[in-house]
Amino acid sequence: MNRAREGAARDGALDRSIWRAYRSLPLEFARSTLLSNVDCKFPNHISFHRKGWPGSVIEFLQVIGPLVDPIAHGGKADEAFHVVVPSLPGFGFSDKPTEAGWRLPRIANAWAALMARLGYSHYVAQGGDLGAGVSSWMAKQRVSGLAAIHLNLPILFPPPPPPPGGYTAAEQPALAQLGKYAGDGSGYASIQATRPQTLGYGLADSPVGQAMWIYEKFQAWSDNKGDPAEAISVDHMLDDITLYWLTDTAASSARVYFESFAKDFARVPIDLPVAVSIFKGDFFTPPKAWGDQTYSKLFYWNEVPKGGHFAALEQRELFVAELRKSFAQVR
């Protein structure tokens with residue numbers, strides 16, 4: 001990573017972000033509810049997005065307006081959504097679990113309880129990465145009221161065993177991406193899945209360490225040519241980093257890896273309607289064939305030419321368009 005960019009993020013930019021983020025963020029988290037003895041915060045809107053580390057609800061603040069009020073953002077009245085953006089246990093302003101067992105299936109059931117408590121008997125869910133895991137487990141468990149899910153960065157792998165003739169040419173790029181991730185891209189996941197508390201002491205003690213632990217992923221996983229600011233504004237990156245710092249959630253957010261990475265973060269066959277948007281700038285872009293073999297009711301698949309892992313931050317208009325187009329089929 002370019003050290004000059006590190007310095008910019010570490011020094012003046014971080015200083016100016018902290019107070020701005022501190023003033024504005026609490027206003028976005030006006031509601032909370034107790035789920036399995038964990039107080040979960042969510043914005044005072046109604047939505048269905050969530051992603052895990054190193055993201056946060058901040059990723060979705062820019063898309064709430066277009067989804068809730070499409071007419072004001074170039075859309076049609078019948079494209080409006082209610083929007084609930086819950087913060088995962090251990091993330092942001094939600095409580096830090098004090099007991100083991102908060103795996104993805106349990107979080108999925110908690111979100112279903114949240115939607116029922118809010119009065120929704122028919123809704124859809126959206127997620128990417130760990131959020132895709134939560135949404136997938138909601139669908140796998142067929143929680144009450146869930147009509148369909150939309151995923152970006154779906155958790156897809158080639159179904160075992162390998163085919164007799166070998167994998168197709170269309171599958172080779174994704175297999176190469178998986179190999180690269182296993183070889184030099186998964187160190188963060190290994191330590192968070194095995195020693196989250198040890199890591200947390202260092203990150204909780206150093207704002208520079210916390211900033212770089214996340215900033216490196218903005219650089220590696222967004223759709224850029226070396227500088228993450230090409231894809232995501234410095235202010236938005238720093239708002240996300242600052243939320244982790246102010247809430248002291250480095251360790252608690254890593255614990256979801258300890259709980260679920262080796263157990264639940266896996267290919268999950270689903271027989272509920274599934275829509276998928278692949279943002280081609282992400283670090284992993286599985287082929288549609290794997291989706292066809294995993295989701296028996298795959299009704300939408302689109303490959304978006306721009307945008308990466310943080311799609312809602314990088315390409316707000318394209319992300320919103322994907323949700324409108326896909327969920328229009330299940331309204």
Side-chain angles (χ1 to χ4, degrees), residues 9 17 21 25 28-29 40-43 47-64 67 83-94 96 104 107 111 125-136 150-155 181 185-186 188-189 192-193 196 203 210-224 228-229 231-257 260-261 265 277 279 281-284 307-316 318-320 322-323:
S17 173
L25 282 172
E28 297 291 344
F29 292 82
C40 294
K41 296 294 192 296
F42 54 97
S47 181
F48 40 83
H49 311 285
R50 190 59 192 97
K51 196 168 79 58
W53 185 92
S56 69
V57 294
I58 286 174
E59 288 184 55
F60 304 106
L61 297 183
Q62 301 300 307
V63 301
I64 290 175
L67 291 169
V83 185
V84 179
V85 192
S87 187
L88 290 174
F91 285 71
F93 294 105
S94 286
K96 303 175 178 70
L104 297 185
I107 297 172
W111 284 180
Q126 197 282 332
D129 199 347
L130 282 174
V134 174
S135 295
S136 294
H150 175 276
L151 309 173
N152 60 291
L153 191 66
I155 305 171
Y181 176 81
S186 60
Y188 77 95
Q192 293 191 159
L203 297 182
Q210 176 68 91
M212 291 303 105
W213 189 244
I214 294 175
Y215 180 79
E216 187 269 334
K217 292 299 177 245
F218 281 128
Q219 192 278 330
W221 292 351
S222 64
D223 188 7
N224 70 81
I232 306 168
S233 76
V234 171
D235 279 343
H236 281 139
M237 286 188 278
L238 291 169
D239 284 347
D240 183 71
I241 291 167
T242 301
L243 180 59
Y244 279 88
W245 176 252
L246 294 178
T247 56
D248 190 20
T249 47
S252 59
S253 63
R255 285 188 203 119
V256 72
Y257 282 77
S260 272
F261 197 71
F265 198 71
S277 298
F279 287 82
D282 210 336
F283 69 88
F284 177 53
H309 194 71
F310 309 94
L313 270 182
E314 298 177 54
Q315 297 292 336
R316 182 185 75 171
L318 293 177
F319 182 83
V320 169
E322 287 298 296
L323 298 188

- Item | Heavy-atom donor-acceptor pair, Ser94 side chain to Ser87 backbone, under 3.5 Å | yes
- Can the ring centroids of Phe218 and Trp213 be said to lie less than 6.0 angstrom from one another? no
- Query: Leu151 versus Gln126: any side-chain heavy-atom pair under 4.5 Å?
  - Reply: no
- Nearest-0.5 Å distance that lies between atom OG1 in Thr242 and atom CE in Met237: 12.0 Å
- How long is the span from the CG atom in Asp239 to the CD1 atom in Ile232, to the nearest 0.5 Å? 12.0 Å
- Task: Test His236 against Gln62 for side chain to side chain contact (heavy atoms under 4.5 Å, CB included), laying out the working first.
- Result: CA-CA 10 Å; His236 281 139; Gln62 301 300 307; 3.5 Å; yes
- Scanning both residues in full, the closest heavy-atom pair of Ser252 with Gly90 reads OG-O, 2.7 Å
- Message: Quick check: closest heavy atoms across Leu88 and Ile107, and the distance to 0.1 Å?
- Response: CD2-CG2, 3.7 Å
- Task: Mind checking side-chain hydrogen bond (donor to acceptor under 3.5 Å, both in side chains) for Glu322 and listing every partner two or more places apart, or none if nothing turns up?
- Result: Ser277, Tyr300, Asn302, Lys325
- Can you tell me how far CG of Asp235 sits from CG of Leu238, rounded to the nearest 0.5 angstrom? 6.5 Å
- Output the distance between atom OG (Ser56) and atom CD1 (Ile214), rounded to the nearest 0.5 Å. 8.0 Å
- Is the Trp221 ring parallel, tilted or perpendicular to the Trp53 ring (thresholds 30°, 60°)? perpendicular
- Checking Asp223 side chain against Gly308 main chain: does a donor-acceptor pair fall under 3.5 Å? no
- Task: Determine the minimum heavy-atom distance between Ser253 and Val256, stating which atoms define it.
- Result: O-CG1, 3.3 Å
- Query: At what distance, to the nearest 0.5 angstrom, does CD1 of Ile155 lie from CG of Asp129?
  - Reply: 7.0 Å
- Query: Would His309 and Phe283 satisfy side chain to side chain contact (heavy atoms under 4.5 Å, CB included), going step by step from the backbone distance to the final call?
  - Reply: CA-CA 7 Å; His309 194 71; Phe283 69 88; 3.5 Å; yes
- Query: About how many Å separate CZ of Arg255 and OG1 of Thr249, when rounded to the nearest 0.5 Å?
  - Reply: 10.5 Å
- Stepwise side chain to side chain contact (heavy atoms under 4.5 Å, CB included) check, Phe310 with Phe279: CA-CA 9 Å; Phe310 309 94; Phe279 287 82; over 6 Å; no
- Query: Considering all heavy atoms of both residues, which atom of Gln210 and which atom of Ala250 are nearest to each other, and what is their separation?
  - Reply: OE1-CB, 3.2 Å
- Residues Ala193 and Phe261: closest non-hydrogen pair is CB-CB, 4.1 Å
- Query: Can you find a side-chain donor-acceptor pair between Ser222 and Asn224 that sits under 3.5 Å?
  - Reply: yes
- Message: Suppose we call two aromatic rings close when their centres sit under 6.0 Å apart. Are Phe284 and Tyr181 close by that rule?
- Response: no
- Message: For a quick test of reading the model, state the closest non-hydrogen atom pair linking Gly55 to Asp240 and the distance between them.
- Response: C-OD1, 3.5 Å
- Between Phe319 and Asn152, does a side chain to side chain contact (heavy atoms under 4.5 Å, CB included) hold up when you go through it step by step? CA-CA 9 Å; Phe319 182 83; Asn152 60 291; 4.0 Å; yes
- Task: With the side chain counted from C-beta on, respond yes when Leu243 and Phe93 share a heavy-atom pair under 4.5 Å apart, and no when they do not.
- Result: yes
